[in-house]
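Below is one structure; the comments refer to it alone.
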Amino acid sequence: MPCLEIKSIKFIIFNYSVKTITGTSISEDVQYWIDASAVNIIPGLLEGISLMNEGGEATIIVPSDLAYGSSGHQNIEENMSLVFDIVIS
């Protein structure tokens, strides 16, 4: 099965858990979906998911500049790298 390409993403459902690079849990076992617009997802996660196959599992480490950068987000500190455990449905 070929890897997904960002341009070919029509609709993907995946489950994820995310923590900071220092180990602080942010979210656990969340189901999420993206469509071709993929506007509500950080660039590093989108890039990682685009390399996965249906049914695939991966740990994706997203550097801060491909996550929330110097602005941070809610309970995520600025310049914090994130670690996602992903399962593509």
Side-chain angles (χ1 to χ4, degrees):
M1 177 183 300
C3 290
L4 301 169
E5 294 180 23
I6 293 174
K7 292 178 182 175
S8 69
I9 291 175
K10 301 242 188 284
F11 188 82
I12 297 175
I13 299 172
F14 60 96
N15 286 60
Y16 73 91
S17 295
V18 62
K19 60 187 174 187
T20 65
I21 198 76
T22 60
T24 303
S25 178
I26 304 294
S27 298
E28 294 187 25
D29 199 26
V30 175
Q31 188 171 65
Y32 198 77
W33 64 271
I34 57 175
D35 61 14
S37 66
V39 295
N40 293 327
I41 189 168
I42 60 175
L45 184 56
L46 181 60
E47 182 178 343
I49 288 172
S50 72
L51 299 173
M52 295 177 66
N53 294 318
E54 183 177 347
E57 297 182 25
T59 297
I60 300 171
I61 300 173
V62 179
S64 64
D65 61 322
L66 294 176
Y68 296 104
S70 61
S71 60
H73 180 72
Q74 296 177 354
N75 59 339
I76 300 170
E77 295 177 30
E78 60 276 351
N79 300 313
M80 184 64 68
S81 295
L82 302 174
V83 180
F84 288 86
D85 290 316
I86 303 287
V87 178
I88 302 287
S89 298

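The basis for the numbers below is simple: all heavy atoms, side chains too, and nothing from hydrogens, waters or symmetry mates. We count residues from 1, following the sequence as given. This is a predicted model, so every value here is computed, not measured.
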Point-to-point distance, once rounded to the nearest 0.5 Å, from CG of L45 to OG of S50: 9.5 Å
- prompt: So how far is it from N79 CG to I21 CD1, rounded to the nearest 0.5 Å?
  reply: 13.5 Å
Residue of the set L82, D85, V83 for which side chain to side chain contact (heavy atoms under 4.5 Å, CB included) holds with V18: L82
message: Rounded to the nearest 0.5 Å, what separates atom CD in E78 from atom OG in S70?
response: 8.0 Å
Sub-4.5 Å side-chain heavy-atom contact between E47 and L66: yes
query: So do the side chains of I60 and M52 get within less than 4.5 Å of each other, counting heavy atoms only?
result: yes
field: From M80 atom CE to T24 atom OG1, the distance as rounded to the nearest 0.5 Å
entry: 7.0 Å
- prompt: With under 30° as parallel and over 60° as perpendicular, where do the rings of Y16 and Y32 fit, or are they tilted in between?
  reply: perpendicular
- prompt: Taking all atoms of both residues into account, what is the closest heavy-atom pair of S64 and S81, and its distance?
  reply: N-OG, 3.4 Å
- prompt: To the nearest 0.5 Å, how far apart are CD1 in I26 and CD in Q74?
  reply: 9.5 Å
- prompt: Honestly curious: do I76 and I61 fall in one hydrophobic cluster under the side-chain, below-4.5 Å linking rule?
  reply: yes
field: Working for side chain to side chain contact (heavy atoms under 4.5 Å, CB included), residues I41 and I49
entry: CA-CA 11 Å; I41 189 168; I49 288 172; 4.1 Å; yes
- request: Return yes if some donor-acceptor pair links the side-chain N/O of S25 with the main-chain N/O of K19 below 3.5 Å, else return no.
  value: no
- prompt: Does some side-chain heavy atom of D29 sit less than 4.5 Å from a side-chain heavy atom of N15?
  reply: yes
- prompt: Same cluster for V87 and F14 if Ile/Leu/Val/Met/Phe/Trp/Tyr side chains link at under 4.5 Å?
  reply: no
